[in-house]
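Written below as structure tokens is the structure these notes are about.
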Amino acid sequence: MKQKTEQKKSLNQGGKNMTEEKSIDFFEYFIGPQHPGITGNFGVILNAVGDEIIKAQANPGYLHRAFEKLMEQRMYLQNVPLVCRICVPEPDVNEALYSMAIETLTGIEVPERAKYIRTIVLEMARLAAYLFYFGGTAATLGLYTLPNWSFGDRDYILDLFEELTGARIYHIYMQPGGVRRDLPKDFTKKLYSLLQTLKKRIKEYDGIFFDAALFKKRTKGVGVINKDMAIEYSVTGPNLRASGIAYDIRKDTPYLAYPDINFNVITENEGDFYSRVMVRRREFEEDIKILEQLIDKLPSGEVWNRYPMPLNWKVEKGDVYVKVESTKGEYGYYVVSDGSEKPRRIHVRGPSMTHGIMLLEKLLKGQRIADISPIMFSLDICPPDIDR
Amino acid sequence: MSDFITRLKNITGLNIHKEKLYQASLKVDKEKIRKTLLDLKKEGFLQFTTLTCIDWIEEKTFQLVYHLWHREEKLHLKVKIDIDRDAPIVETVSDIYIVAQTYEREVKEMFGVDFKGNKRLIPFILEDWNEIPPMRRDFNTREYVKDMYETEDRTEEIFKPRWKKYD
Amino acid sequence: MSILNKFRGKSLWMLHYCTGCGAIEMPPVMTSRYDMERFGIIPMATPRQADILLITGYLAVKTLKRVIRTYEQMHSPKWVVGFGACTVNGGMYWDSYATIKKLELYLPVDLYIAGCMPRPEAIMDAFIELRKGISSGKYEGWKKYIENYDWYKKNQAKLFDVKKWSVNYE
Amino acid sequence: MNINILYAALAPIVAILLGLLYIGIGRKIIARLQRRYGPPFYQQYIDTIKLLAKKTVSSHGVFFSLGPIMGLAGSMVTLLFIPFGSAAPLLSFHGDIILVMYLVVIAPLGMALGVGEGSNPNGSIGMARGLTLMLAYEVPFVLALFSVVLYTHTTSIAQIVQSQAGEWSLLKFHGFNWLTFALPISAIVADICLQGMLGEKPFDQVIAPHEIASGPMVEYGGKYLGMMVINHALHIYIETALFVDIFLGGGPVWFFIPATFSVFILSLIINGVLPRFRIGQALKFYWGVPLILAVIGIIYTMVVIK
Amino acid sequence: MAWNDILKPLSGWKFLFKKPHTIRYPKEDKIPSERYRGIHTNMIDKCIGCGSCEKICMNQAITMKEMDVEVKEGTTNLRPVVDHGRCCYCGLCVDICPTGSLWLSRDYRHLSEDIDTFIIDPNVKEKEREGWQKAPEFSLIPPERGKMEEIPPEKRVKSFMEVFVGYTEPIAKEEAQRCLGCGLCVDACATHMHIPDYLKAIREGNNEEAVRIMFKNNPLSEICGTVCTHFCENVCPVGIIGEPVAIQWEKEFATRTIEDYKKIIDTTIKEKKERVAVVGAGPAGLSFAFYLRLKGYKIDVFEKYEKPGGMMLLGIPSYRLPRKVIEKEIKFITSTGVKIHTGTQIGKKKTFKELLKKYSAVFVATGNTKPYTMGIPGEEGKDTLQAISFLYDVNTGKKIDLKGKKVLVVGGGNVAMDAIRTSRRLGADVYLSYRRREVDMPADELERKEAKEEGIEFMIQTLPIEVIREKGKIKAVKYVPTDMDFSEKGKRPKPVPRMNDVRTLEVDIIIEAIGQGPDLTYLEQEFGESLKIEKGKPVVDKNLMCSIKGLFFGGDMANKQNDIVSAVADGRRAAEGVHNYLQNK
């Protein structure tokens, strides 16, 4: 559809006006920050011919709060509440990373029970993030029933989080040296019963979405990342496993309580939209098994190995890079300390930095306009990772 | 892991010293960074994890850290180079690792380090930013906030000792 | 006119725009667990069709430009609800160069909700309060915007060039 | 004659009220499917009144404002030809089924005109999709109606209703002479096409919020949107009434309204649990199975014709 | 495409007939969990206004505001006010709050259109619904103190070796980290030393700066570091749940590492012409002399005994306060040019009036030398000694052997502690009789613990009523148990003896340590009525000047606290007083 874009004020999508004079036979199309199909606050500028996209450019930066600058102004303990605000769908990954980084720098030993509790919190957060992912992907494809179910079930996990940590989303529960409170009474019983209901619920999701013919028709062969493209673009996490490379940080460099949990790494091999969703779908069940093992093997003992008085806490000079397997990919923290009370530099390596910009722009080339937001959702791009 | 490091040392002739938690670090001077990364990529460091810039304002240097990950050997390598703070110019590595282009864009915008050869150093996160690159340590964010939004920074008032009246 | 206010109160269409981190608490409110559709509130895709603009948490300056243009595109009567501490006085990012501190200076906010990300119940509280307020004609934020328009524009101009800002891309 | 005028005046109001009622109850049922309570059934009326009570009107030009008016006009005119169950429609002459087929197309075209003026890419993409979708479902739908015309030898909807008539009473069920039993294949094809005409999933690419932010209606707000919602309600009433008149034999009011509602619910059942096609897939879908079925339907009618 | 893939989605419709799991909010409400972090509440009486919640809050959401609340000893009238436009509900302020008065309630509702209402005053009288509360084992302040290794009791009883070992470098630094920096201890300390400042200096490892800060307020810092009654630790917020910061031991550690104070403290003096006399070289006299000397006046100190040091040298035994510590401090004070004339008692040869004429001002600090007696029948006679004279003999090296003897010490203060432990070291088996409960004892808690370890039997709530003597020698003592009468508010309970239950204890020697008073006989002879005396102590004004112009009083003889640190404080205040007095004379 040839469209000359003269001086026309397009008033939608947060109202970017197309002021330049362009007379090429494509039209610019903004999926701007204000768009139901975008995960969070993120913009993509597309040049499309008819329904097909010929060039895409990601436009992040709408959620920039200068975390790394703020972290340099705060003492080490004051960063604990700040750090979990970086990635909203899965805040616990940041808490675990920050605590692990400080523990490696200062050599504080984490008690065994605290390691297990942290792993339980991480796995519960993973379940909640996957439910969020299923709901989001189904919504972009047009099925509004699954989001209602999955967000509803995710809420039960958030209730358990509220029991355990005192807050629904931002738990601020892990601190260097362990966790801030012990498990409330009969928490593991409630968690166990929730896991059983989730097992039943995922079967119902299969019925309406995962095994549905239309879902397969709509997603097979869309947004394919083959093996060497995945390696070339440093893809990590479920998206990498969807392309057939069995690489899971929980298995390769186990941390916290993962060494004594046995689970298998799930891979698909086409690397298209369908396999990315199915990888997460099967990992959802694998997580439930992991959580059950964690509950059985939960040791007793105290949960916090004290660090010095926070107001005068100085960490000696050093730098460390720790990483964790989040639902979006490899999430890493590079903490540099210079012996003062405040960190010299904390670099947050979010997975969406590679998935959301270069990979997305390469994937969107040649796709239909109808598939933009589904592909973006399938990669599970979390814009706050990019802008921090 | 450690035998791989020794093998790596004698192949690439670089002094890599091991740190705790699957990590190793390596200091290289500015000119040899491209050659080092090329060798390391041949050795099997396929994943370019991230690029960090640390502002050591006291020694007037920016320290660029290239993080690489070797999947089979499970080794995280931190290649560090120091560049002068007042004229920060480095060659790009985005042709060796494609993903580095985004990280270089971010470091260019946040620290003002110029990457020669990076085809796409256009603004990345900040829009119409006319101050100095914000992540540099001489940009004081609390003063900027004071005159843009009148938000007081009460740190000295909080930590003012209350017993000075006994002097 | 008050009868129409009753109808306006009973059917508030919310703009589907997650400006900040508080938007993660919107899905439970929109979907089956708390179900705000019982009050006739559904998320609409474009500013033209929406009545309420939810500023869910902090606002980066880049987002503020889009939010202001979106707000001006909405059809009045329109209302703005500020979520959480970041809209009241800067919240956790009080010393960040990239976020605005007091939403009050840039948009006429009708209701603030306390919380560092308010709970779904708190959000439902706000919707019920908004509903009662609109039915009784109490919330007139959009008139305030028109009356002291240049005051708002002066505040906005302090942060960015109100007339000529646009997206820079290749 | 004055009864007819009364009927002409009443028909649009009844149609709008019925349409909005169907949507309201539909929203409640979909909500129950999604494990939540959903809005009160009269919510759609409140929404419409609120939209009409909006204060600002922002228009992009004359044609932009003309779009919804043309859409509404097109729907109002088609109402004249649709019989309200067994009650004869206001105007009825030979060939009005073809006229209705044409009039149903006017509403989307009118809106397309308006949206084009709005210069919003989403609007134009939505409009393009609407037209391609219409192209997709028109072909099997016309063939299905053609087989009906062949079977009943008349092209006037009223007469088609007559041909299926028998005396109606609550006790005796005598739907045997309904056309659905006579021509089952074309009924199925018509129902599949009805799914596309109503814009229910899997064929709601026209207003796909997650892809093109509610398509053509992207620039319309306030009173325009109110008109469009009314137009959508009319649209639902017209199509379901058309289907019931042709295939389920019209019938007295106490049968006609539940029948139209159940046809709407049937389409809702599919809508609730399916994601949507891409526009290309929708086209391929319609010109695949339903088209072949429609052709078989025609051959079947030629064989079984009396 | 398999047929069931097409029809499977319809299975979703079974929920149409199930009850939705929506929480219909206005009717059904979900109560937040017990640990929910909502809006703050603070119990106004339990809060001591230390301000550590304001310090830990990174959003500066908490501001400490003056509130009309009755300021008890060791607290301020500041109370936190929370700005919910900043707060991120992390609960760090709750975890650091030393008293546990601040917590986050389970209430989160706050809706308003005006942003000023978001500044909420959380102070309440009684506890409402609890939410995120303080758990002592999760307090951010480390409860235990740095461990100081102790000498086992058997070993230390044998000799007068030094009991106080003191901190090593790493433990001292780690202990100094526990200080919250709130400054409540500075108000409680008599000399108002800038404790948080010098703890910070110790943390950073430069002890010179720490000693410089100490010597601004206290010239006898090492002595105070070893034997202070540490009111600062009694009031330290860290001590509310755990052990208080070991301020006294930190002071001792810092001063011990500095060999010679001369090198690090500049004592350049602008000479003035006036001369000032000091009577009594105890802690008050020495600190007065030091500070006035620094101001430039020439100082002459007159000491009755042979060596300067007063009660520090002659009252406190050497196992508690090593002699070399006293010499080191006094050597530093004399190095500034203070002349100490030992062995000259004022009032005998020289009179106070002569001094007043010769010197422009006289500071009298002779301390409490007159012991109080019990006044019970059979008390006078052989073997009933006064504690300070007994300790004077021991400290001046007189050989006393109490092996195999039974000694009864009466009293509950630090002097009593010194008496029982010294006699224990001299071989006696010792009993202590104290008429009130153990908790009312003014003696230091650590002293009591160490005394008990050394095998001294505490006879609590006992009152001797009669001493039985045989041929002048003490054979036994009769005593009665006492009950406590809590009638008077604010003061310690009054002991009421139970006369019907009389018991006896065979004892050879009785030592009385029930308090001392000032010996004003010479002063009364000389000045008579013009010197106003009240309850045995001369009345002094703000500058510690008594009714006679130019005559200043200080130390134990003029104040109520009767310990070293208050004497040092009086010395410093008197120096200011004399300086002002001489300026505007």
Side-chain angles (χ1 to χ4, degrees), chain A residues 70 73-75 77-82 84-85 143 145-146 148-149 152-153 155-156 159-168 170-173 175 178-182 184-185 203-217 302-304 306-314, chain E residues 1-15 20-23 30 32-38 52 55-59 88-92 94-96 104 106 131-133 135 137-144 173-174 176-182 199-200 203-204 238 245:
Chain A
L70 298 187
Q73 323 265 333
R74 285 162 168 68
M75 299 182 210
L77 185 70
Q78 289 180 331
N79 276 330
V80 167
L82 184 69
C84 68
R85 256 82 176 169
L143 176 70
T145 312
L146 189 66
N148 274 293
W149 290 0
D153 296 335
D155 221 66
Y156 290 107
D159 290 350
L160 271 187
F161 269 136
E162 192 192 317
E163 291 255 333
L164 172 67
T165 64
R168 281 168 57 86
Y170 293 133
H171 308 132
I172 317 176
Y173 180 58
Q175 60 181 345
V179 281
R180 284 179 75 187
R181 292 293 190 270
D182 205 337
K185 61 181 175 3
K203 295 285 179 297
E204 276 147 20
Y205 294 172
D206 281 351
I208 196 166
F209 184 62
F210 293 115
D211 297 348
L214 221 149
F215 165 68
K216 289 182 183 143
K217 192 159 177 34
E302 19 99 359
V303 282
W304 183 36
R306 182 176 292 285
Y307 45 75
M309 231 288 279
L311 293 177
N312 323 319
W313 181 12
K314 287 192 167 65
Chain E
M1 246 183 302
W3 265 101
N4 60 4
D5 280 2
I6 296 172
L7 297 180
K8 246 185 173 185
L10 298 178
S11 66
W13 279 100
K14 63 176 186 293
F15 282 101
H21 68 141
T22 309
I23 298 172
K30 187 155 70 87
S33 68
E34 281 96 21
R35 284 187 190 163
Y36 188 67
R37 295 200 292 264
S52 35
K55 289 195 179 72
I56 193 75
C57 180
M58 73 213 172
N59 311 324
C88 72
Y89 302 94
C90 58
L92 284 184
V94 173
D95 282 356
I96 201 166
L104 300 173
R106 286 160 71 179
W132 179 273
Q133 270 190 64
E137 72 276 17
F138 289 106
S139 145
L140 292 185
I141 308 164
E144 296 89 23
K173 274 203 180 136
E174 203 204 315
Q177 270 184 352
R178 292 176 67 228
C179 165
L180 286 170
C182 60
L199 283 182
K200 185 168 186 302
R203 260 202 310 272
E204 272 141 18
V238 175
V245 179

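Numbered from 1 within each chain, the chains take letters A, B, ... in sequence-line order.
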Examine whether an atom of Asp95(E) lies under 4.5 Å from a heavy atom of chain A, and if so say whether it belongs to the side chain, the backbone or both; otherwise answer neither.
side chain

Does any heavy atom of chain E fall under 4.5 Å from the side chain of Leu143(A), the backbone, both, or neither of them?
neither

Let me see the working for Leu92(E) and Arg180(A) under side chain to side chain contact (heavy atoms under 4.5 Å, CB included), right down to the final yes or no.
CA-CA 10 Å; Leu92(E) 284 184; Arg180(A) 284 179 75 187; 4.1 Å; yes

Ion pair check, Asp5(E) and Lys217(A), cut-off under 4.0 Å
no

Heavy-atom pairs under 4.5 Å with chain A are the metric here; pick the option from Glu34(E), Lys200(E), Glu174(E), Lys14(E) that has the most.
Lys14(E)

Would you call Lys30(E) and Asp159(A) a side-chain contact if the rule is heavy atoms closer than 4.5 Å?
yes

Give, as side chain, backbone, both or neither, the part of Tyr89(E) having an atom under 4.5 angstrom from any heavy atom of chain A.
backbone

Using non-hydrogen atoms and a 4.5 Å limit, figure out which bit of Ile96(E) sits close to chain A: side chain, backbone, both or neither.
side chain

Might you work through the side chain to side chain contact (heavy atoms under 4.5 Å, CB included) test for His21(E) and Asp155(A), ending with a clear yes or no?
CA-CA 11 Å; His21(E) 68 141; Asp155(A) 221 66; over 6 Å; no

Bottom line for Arg203(E): the part with an atom under 4.5 Å from chain A's heavy atoms is side chain

If you count heavy-atom pairs under 4.5 Å with chain A, which of Ser11(E), Ala176(E), Cys179(E) comes out on top?
Cys179(E)

Among Gly181(E), Gly91(E), Ser52(E), who wins on heavy-atom pairs under 4.5 Å with chain A?
Gly91(E)

Verify side chain to side chain contact (heavy atoms under 4.5 Å, CB included) between Trp132(E) and Arg181(A), making sure each step is shown before the conclusion.
CA-CA 10 Å; Trp132(E) 179 273; Arg181(A) 292 293 190 270; 3.4 Å; yes

